[in-house]
Number of protein chains: 2
Amino acid sequence: MRETVTPALGADSEDPRRGARTLVEFAYEAMRQDILRGALIPGERLRVEALKDTYKVGASTLREALTLLVGEALVTAEGQRGFRVAPISLKDFEDATRVRKLIELEALRESITNGDDDWEAGVVASFHRLSKVEEQFKSQDRATLSGEWEERNRAFHAALIAATHSRWLNHFIDILYQQSERYRRIALAGRAVNRDVHNEHMAIKEAALNRDSDEACRLSELHIDRTFEALSKMFQAQQGE
Amino acid sequence: MRETVTPALGADSEDPRRGARTLVEFAYEAMRQDILRGALIPGERLRVEALKDTYKVGASTLREALTLLVGEALVTAEGQRGFRVAPISLKDFEDATRVRKLIELEALRESITNGDDDWEAGVVASFHRLSKVEEQFKSQDRATLSGEWEERNRAFHAALIAATHSRWLNHFIDILYQQSERYRRIALAGRAVNRDVHNEHMAIKEAALNRDSDEACRLSELHIDRTFEALSKMFQAQQGE
DNA sequence: GTCAAATAAAATCTCGAGATTTTTGATTTT
DNA sequence: AAAATCAAAAATCTCGAGATTTTATTTGAC
């Protein structure tokens with residue numbers, strides 16, 4: 001019979017389920033990360049029989065996790081022909097970037113109008129956290145920090161638009177941000193960004209806190225465009241290999 | 001042993017699987033329709049054990065179908081606490097309408113710029129088909145035609161924006177159109193629309209074919225706003241009961 | 001009587017085996 | 001040799017039973 005006593009602290013760091021409530025969520029999160037990292041290659045077939053063993057879950061559980069990823073457009077499914085990692089292309093990257101701009105700028109504008117003190121605090125705090133990890137890039141190895149940078153960068157951009165009331169804008173931004181994260185990570189392939197993103201972030205932060213929504217949107221658009229330009233070159237070079 | 005010969009034509013109208021390639025797709029489509037119709041009530045719990053019998057599929061198959069609907073925001077899921085029909089609210093309806101306007105007008109503008117002869121033909125044809133069924137409203141019973149009207153209305157709006165190159169705009173429009181369809185069908189509850197939608201559609205069609213994107217967008221926005229105004233009143237009256 | 005703990009019931013979640021379909025490869029025919 | 005046919009292999013899809021968790025009910029303590 002199984003012991004019902006709560007295990008000692010630290011023991012649950014061994015728990016393969018982490019924070020997931022269900023095995024579906026666990027498999028979903030593991031595969032999501034593997035797709036964003038590029039470990040699961042775009043276009044690759046996702047065979048249930050094989051992935052069962054990789055992620056240590058049953059067939060139905062795995063299919064349900066894959067179906068969740070279909071809803072986020074990280075996986076495609078075709079009846080009787082299985083699942084695949086969603087393919088990537090410059091055209092799709094361009095399209096996703098364009099639509100993300102449309103939606104994110106709308107959300108940013110509203111957020112700057114609505115934002116209260118908590119919103120300002122969130123922007124300041126997340127920018128600070130992001131700056132700290134960017135500071136370390138100058139000395140430390142980039143690869144070990146990139147996971148942390150990804151998370152803090154996401155948090156900063158989320159904080160900027162946190163004061164939007166629109167659930168739908170937020171939902172679509174989440175999806176498109178995730179798409180752009182995949183393109184960024186695949187294009188960079190572990191390398192460092194070679195332009196001054198920090199100053200762009202700071203300028204956006206300043207404009208937002210000054211409640212200058214036109215300027216903040218202008219700078220944000222510039223930021224997204226510049227990022228796309230830089231990454232699309234790397235992407236093309238990489239795909240052309 | 002089961003006969004392997006292809007059944008006679010007409011016999012497959014008895015096939016509960018219809019056009020679906022898999023049972024997952026079949027259950028997904030059946031539940032989708034039931035949610036859009038309001039037969040499955042917003043907020044209602046979706047018990048796998050019960051729905052298994054209703055849709056005549058196994059537990060895993062049903063869960064996979066439900067998970068597909070989670071991706072379209074028609075169903076919500078909470079770990080270890082099951083699935084629910086996505087709740088509705090005036091606030092959500094308002095938000096979905098706002099974001100749909102943002103995205104759909106962008107798509108319409110691009111479509112009018114890009115549209116070729118095939119696009120024009122599609123707009124003319126779908127408008128004609130929609131007009132025909134609206135004609136019949138004057139004489140025939142509305143309830144029997146409403147399914148056909150829904151489909152043709154959807155087709156007309158899809159034809160207008162068919163020339164967008166953006167897969168992402170189209171994807172989000174599909175999701176938001178479906179949301180608005182649910183609100184419309186629930187708010188109307190089988191009743192007829194009491195304003196002249198036909199003329200609004202015609203005006204949009206004319207502007208689009210004249211390649212007057214500003215005017216087409218203006219009229220389209222007006223159309224969406226008026227529809228929202230009318231439906232939101234019915235919706236509030238209904239929810240207040 | 002109220003609260004809490006223990007128990008029972010109900011529901012979700014999970015698994016792996018089997019049915020169905022697709023894909024691959026071998027054989028035959030033109 | 002190319003195309004078509006058939007058989008074998010591999011993969012998807014599907015099911016229902018059992019494990020786990022949540023929810024409802026009962027019992028007991030104060």
Side-chain angles (χ1 to χ4, degrees), chain A residues 1-7 11-12 14-32 40-41 43-71 75-86, chain B residues 1-7 12 15-32 40-41 43-71 75-86:
Chain A
M1 201 184 279
R2 191 164 162 273
E3 192 62 63
T4 56
V5 176
T6 308
D12 58 357
E14 302 281 340
D15 183 8
R17 285 173 62 159
R18 317 272 261 174
R21 292 187 103 76
T22 63
L23 281 183
V24 169
E25 285 173 35
F26 165 71
Y28 154 79
E29 186 56 31
M31 287 194 286
R32 192 176 76 88
L40 290 172
I41 292 150
E44 183 184 359
R45 286 203 61 182
L46 293 168
R47 290 190 182 78
V48 176
E49 287 302 313
L51 296 180
K52 259 175 51 170
D53 302 328
T54 308
Y55 298 102
K56 306 277 193 296
V57 294
S60 312
T61 302
L62 192 88
R63 288 182 62 86
E64 197 176 319
L66 283 168
T67 303
L68 276 172
L69 291 166
V70 169
V75 166
T76 62
E78 195 181 353
Q80 305 288 16
R81 310 213 13 208
F83 298 90
R84 281 177 179 279
V85 179
Chain B
M1 202 183 276
R2 193 162 162 274
E3 190 64 64
T4 56
V5 177
T6 309
D12 59 357
D15 183 9
R17 284 172 65 158
R18 317 273 274 182
R21 293 187 107 77
T22 63
L23 280 183
V24 169
E25 286 173 34
F26 164 71
Y28 154 78
E29 186 57 30
M31 288 194 287
R32 192 176 75 89
L40 291 171
I41 293 151
E44 184 185 0
R45 285 203 64 179
L46 293 168
R47 290 188 182 80
V48 175
E49 287 302 314
L51 296 180
K52 258 175 51 171
D53 301 327
T54 308
Y55 298 102
K56 305 278 194 296
V57 294
S60 312
T61 303
L62 193 89
R63 288 182 62 86
E64 197 177 320
L66 284 167
T67 303
L68 276 172
L69 291 166
V70 168
V75 166
T76 62
E78 197 181 352
Q80 304 288 16
R81 315 228 349 224
F83 298 91
R84 282 179 179 278
V85 179

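Here the structure is a predicted model, which is why all the values come from computation and not from measurement. Chain letters run A, B, ... following the sequence lines, proteins first, then strands; residues in each count from 1.
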Do any N or O atoms of the protein come closer than 3.5 Å to N or O atoms of nucleotides 6-11 of chain C, and which pairs are they?
none

Would a 4.5 Å heavy-atom cut-off, applied to side chains only, mark V75(A) and M31(A) as touching? no
Looking only at non-hydrogen atoms, find the nearest pair between R81(B) and R45(B) and report the distance. O-NH2, 3.4 Å
E78(A) side, atom CD; R21(B) side, atom CZ - distance, nearest 0.5 Å: 6.5 Å
Apply side chain to side chain contact (heavy atoms under 4.5 Å, CB included) to V85(B) and I41(B), showing your working. CA-CA 7 Å; V85(B) 179; I41(B) 293 151; over 6 Å; no
Kindly give the heavy-atom pair with the smallest separation between A27(B) and V57(B), and that separation in Å. CB-CG2, 4.3 Å
State which of dT14(D), dT23(D), dC13(C) makes the closest approach to the side chain of A59(A). dT14(D)
Tell me: CG of L23(B) to P of dT21(C), nearest whole Å? 10 Å
Starting at the 5' end of DNA chain C, which residue's closest nucleotide do you reach first, A50(B) or G79(A)? A50(B)
Classify E25(B) by what it touches in the nucleic acid, base, sugar-phosphate, or nothing, heavy-atom distance under 4.0 Å. nothing
Gap between atoms CZ and P, on F26(B) and dT12(D) respectively (whole Å): 24 Å
What's the shortest heavy-atom distance between E25(A) and A20(A), and which atoms? CB-CB, 3.8 Å
Atom-pair distance (CG on L51(B); P on dC15(D)), nearest Å: 14 Å
Taking DNA chain C as the partner, which of residues 61-71 of chain A come within under 4.0 angstrom of it by heavy atom? T61(A)
Which one, dT14(D), dC13(C), dT22(C), comes nearest to the side chain of Q80(A)? dT22(C)
What is the separation between atom NZ on K52(A) and atom C1' on dG18(C), rounded to the nearest whole Å? 12 Å
Rounded to whole Å, CZ of R21(A) lies from C1' of dT21(D) at a distance of 10 Å
Heavy atoms of K56(A) and D53(A) approach each other most closely as NZ-O, 3.2 Å
Which atoms form the tightest heavy-atom contact between Y55(B) and F26(B), and what is the distance? O-CE2, 3.9 Å
Which pairs would a plain distance check flag for residues 61-70 of chain A, meaning a side-chain donor or acceptor within less than 3.5 Å of a matching protein atom at least two apart in sequence or in another chain?
unit_1	atom_1	unit_2	atom_2	d
R63(A)	NE	E64(B)	OE1	2.8
R63(A)	NH2	E64(B)	OE1	3.4
R63(A)	NH2	E64(B)	OE2	2.9
E64(A)	OE1	R63(B)	NE	2.8
E64(A)	OE1	R63(B)	NH2	3.4
E64(A)	OE2	R63(B)	NH2	2.9
T67(A)	OG1	R63(A)	O	2.7

Establish whether the base of dC13(D) is bridged to the side chain of S60(A) by a donor-acceptor pair shorter than 3.5 Å. no
